[in-house]
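Since the structure is predicted, the reported quantities are computational estimates derived from the model, not experimental observations. Within every chain, numbering begins at 1; the chains are lettered A, B, ... in the order of the sequence lines, protein sequences first and strands thereafter.
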Amino acid sequence: MDFTYRLLSNIVPGFATLPDWLAIALAAIVPASVIIMFMALGPIVYVYAERKIAGFMQDRLGPMRVGPYGLLQTIADAIKLLFKEAIFPAGADKVLFVIAPCLVVVGAFLGFVVVPFGSNLQAADLDVGVFYVVAVSSLSTVGLIMAGWASNNKYALFGAMRSAAQIVSYEIPAVMILLTIVMIVGSLSLQTIVAAQSGGLPYWFLFRYFPLMPIAFLIFFTAGLAECNRTPFDIPEAESELVAGFHTEYSGFFFAMFFMAEYTEMFVISAVASVLFLGGWQSPFPWAWTQGIGPVGFGPLWLIGKAWLLVFVMMWLRWTLPRLRVDQLMYVAWKVLLPIALVLVVVVGGLVIWPPTKDGFFWDRWVGWPLTAGLVLSLLYGLIAARVWNARRVRELAA
Amino acid sequence: MIQWARDVWEGVWTVLVGMKITWRHLFTSSVTLQYPEEKWQLPPKSRMRLFMKYEDCIGCGQCARACPVSCIYIKAEKRPATSPAIFAANGQPIKLDVSVFDIDMSLCCYCNLCTYPCPTFCLYMTPDYEFATGNLTEHLYRFAKKDAKFLMEDPKKKAAPAGAAPAAPAAPENPPASPAGAAGP
């Protein structure tokens with residue numbers, strides 16, 4: 001927003017003389033419309049991708065009928081959903097029933113505010129960006145509980161209760177992991193976190209303190225998966241047990257809003273994960289030209305590419321893993337992720353202050369990067385050796 | 001503690017194993033058949049829609065009697081002596097005027113039993129299976145034609161000099177059917 005404000009005051013003559021509230025509102029319209037576009041059009045892409053990936057993973061084709069390769073399928077579905085009647089179940093609390101999907105959408109939508117798409121492309125560079133993301137993403141829990149309660153349906157209420165328990169549980173390991181990042185960077189601002197990872201692939205936080213931060217990334221990604229109710233953590237909507245969980249009673253546009261919120265949240269979680277661990281909008285290569293030129297450069301492409309990669313992994317996981325039981329879900333959160341996350345907080349905190357070297361890359365230089373390189377090389381060697389050994393064995397058997 | 005670490009490791013490892021399998025399937029070609037554009041390769045003896053060549057029917061009614069669901073309706077009466085002699089393609093003289101030959105495909109059970117007794121091989125199953133209609137009565141196929149062009153002379157007699165050899169092996173096939181055919185009408 002600061003960027004558009006500066007841009008407008010440079011381009012438009014007399015922009016500086018406008019009253020502050022009007023100028024800020026005008027400057028906010030541009031990022032807001034970009035976010036709304038992402039919000040509204042993103043799910044169309046994600047739903048298509050999800051159905052195609054699901055199809056390919058099950059040796060099917062996915063949607064093929066509407067448009068070439070089924071490209072217009074989700075658009076047709078969206079139009080269908082928009083024209084469907086919104087049904088209010090008997091005994092439903094109508095006010096809450098309408099507010100709930102809006103709240104869920106707002107929760108997902110607000111996360112976009114701090115996602116940095118480039119050095120200038122950020123709706124607002126909040127000083128408490130990380131904290132804001134955590135706070136806002138739990139807003140959708142309120143919406144889910146509201147939806148479950150207002151539906152006057154036992155399945156919806158079950159789903160809502162489960163989602164509340166799940167999101168509250170998984171927020172804790174996620175926040176612990178955020179804490180490790182914040183300790184390394186010393187700032188809660190997402191822009192500062194991205195800037196701290198400049199220099200290419202080895203400087204990403206994914207590869208800091210080698211065995212530690214990859215584990216942290218796994219924990220954060222798992223917790224993020226749980227927070228946007230994706231398989232294997234989709235027990236709030238568990239279609240085989242709870243019909244559709246909290247959105248059982250929703251139809252038409254309200255249902256579409258839940259859908260939109262889910263996919264937007266997926267993107268936001270992936271974008272935040274790539275900002276925290278994968279260098280955000282920075283290119284993975286050390287050469288400057290991969291970053292592009294101008295005030296924007298290739299930043300958005302890098303960030304969206306990384307985020308879409310993680311979204312793809314989410315979809316991949318969805319078609320790989322079965323759903324967890326409720327007790328397994330709690331076991332994973334409280335007995336696996338949380339203890340490991342706590343240990344990581346302590347150990348990473350210790351590594352940040354000790355040894356007290358100038359650049360803080362002591363561990364990485366002497367332990368982390370050599371270990372990573374050794375592991376990658378031995379993995380490659382193992383793969384090639386297995387290939388060679390297999391070929392030799394085949395030849396021996398043939399002879 | 002050790003058991004816990006082992007469980008966690010096993011959990012992570014098995015997830016990776018599963019992901020490897022789905023990754024492999026991501027690149028295996030799909031088994032879907034895009035039906036109206038691509039079609040099944042049907043076996044040559046597939047039993048689908050019945051077809052009947054009216055010009056060859058002698059009206060013996062054996063097919064109607066063989067049908068376990070009685071979906072073939074035949075009405076035939078004696079040809080007047082004044083009308084010219086007509087023949088089926090295998091040389092059998094047609095002595096009955098078949099005025100009605102209806103097959104109700106909505107009742108048909110596709111058992112193929114009707115085609116075996118036919119002495120002139122005029123009733124057979126085709127590999128055509130796309131005959132769904134919106135109206136049930138459209139499944140009643142009326143094969144009787146008013147303007148059928150019958151063979152006016154015996155094809156056996158005509159082809160006798162050239163086709164004597166093939167006619168001879170065909171002869172033993174017919175006799176088992178002809179006594180029943182004689183008993184039919």
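- Looking at residues two or more places apart in sequence or on another chain, you find a salt bridge (charged side-chain N to carboxylate O under 4.0 Å, His left out) between B:Glu130 and B:Lys39.
- The contact list for residues 57-65 of chain A toward chain B, using heavy atoms and a distance under 4.5 Å, reads A:Met57, A:Asp59, A:Arg60, A:Leu61, A:Met64, A:Arg65 by residue number.
- Listed by chain and number, the residues in a side-chain hydrogen bond (donor to acceptor under 3.5 Å, both in side chains) with A:Asn390 amount to none (sequence neighbours excluded).
- Within 6.0 Å of atom CH2 in A:Trp369, more than 12 heavy atoms from other residues, nucleotides or ligands are found, so the atom counts as buried in its surroundings.
- A pairwise comparison of heavy atoms in B:Leu26 and A:Phe56 identifies CD1-CB, 3.7 Å as the closest pair.
- With hydrogens and angles disregarded, a donor-acceptor distance shorter than 3.5 Å links the side chain of A:Trp316 to the backbone of B:Met19.
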Exercise for the section: Kindly determine whether B:Asp7 and A:Val336 satisfy side chain to side chain contact (heavy atoms under 4.5 Å, CB included), including the steps that lead there. Expected result: CA-CA 10 Å; B:Asp7 284 350; A:Val336 177; over 6 Å; no

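- For OH of A:Tyr381, the number of neighbouring non-hydrogen atoms (other residues, nucleotides, ligands) closer than 6.0 Å is 12 at most.
- Heavy-atom distances place the side chain of B:Val8, and not its backbone, under 4.5 Å from chain A.
- Residues meeting the salt bridge (charged side-chain N to carboxylate O under 4.0 Å, His left out) test with A:Glu171, sequence neighbours left out: none.
- Atom OH of A:Tyr69 is surrounded by 12 or fewer heavy atoms from other residues, nucleotides or ligands within 6.0 Å.
- The aromatic rings of B:Trp23 and A:Phe312 stand perpendicular to each other, their planes meeting at an angle above 60°, with 30° marking the opposite boundary.
- For the atom pair A:Leu321 CG and B:Thr22 OG1, the distance stands at 8.0 Å (nearest 0.5 Å).
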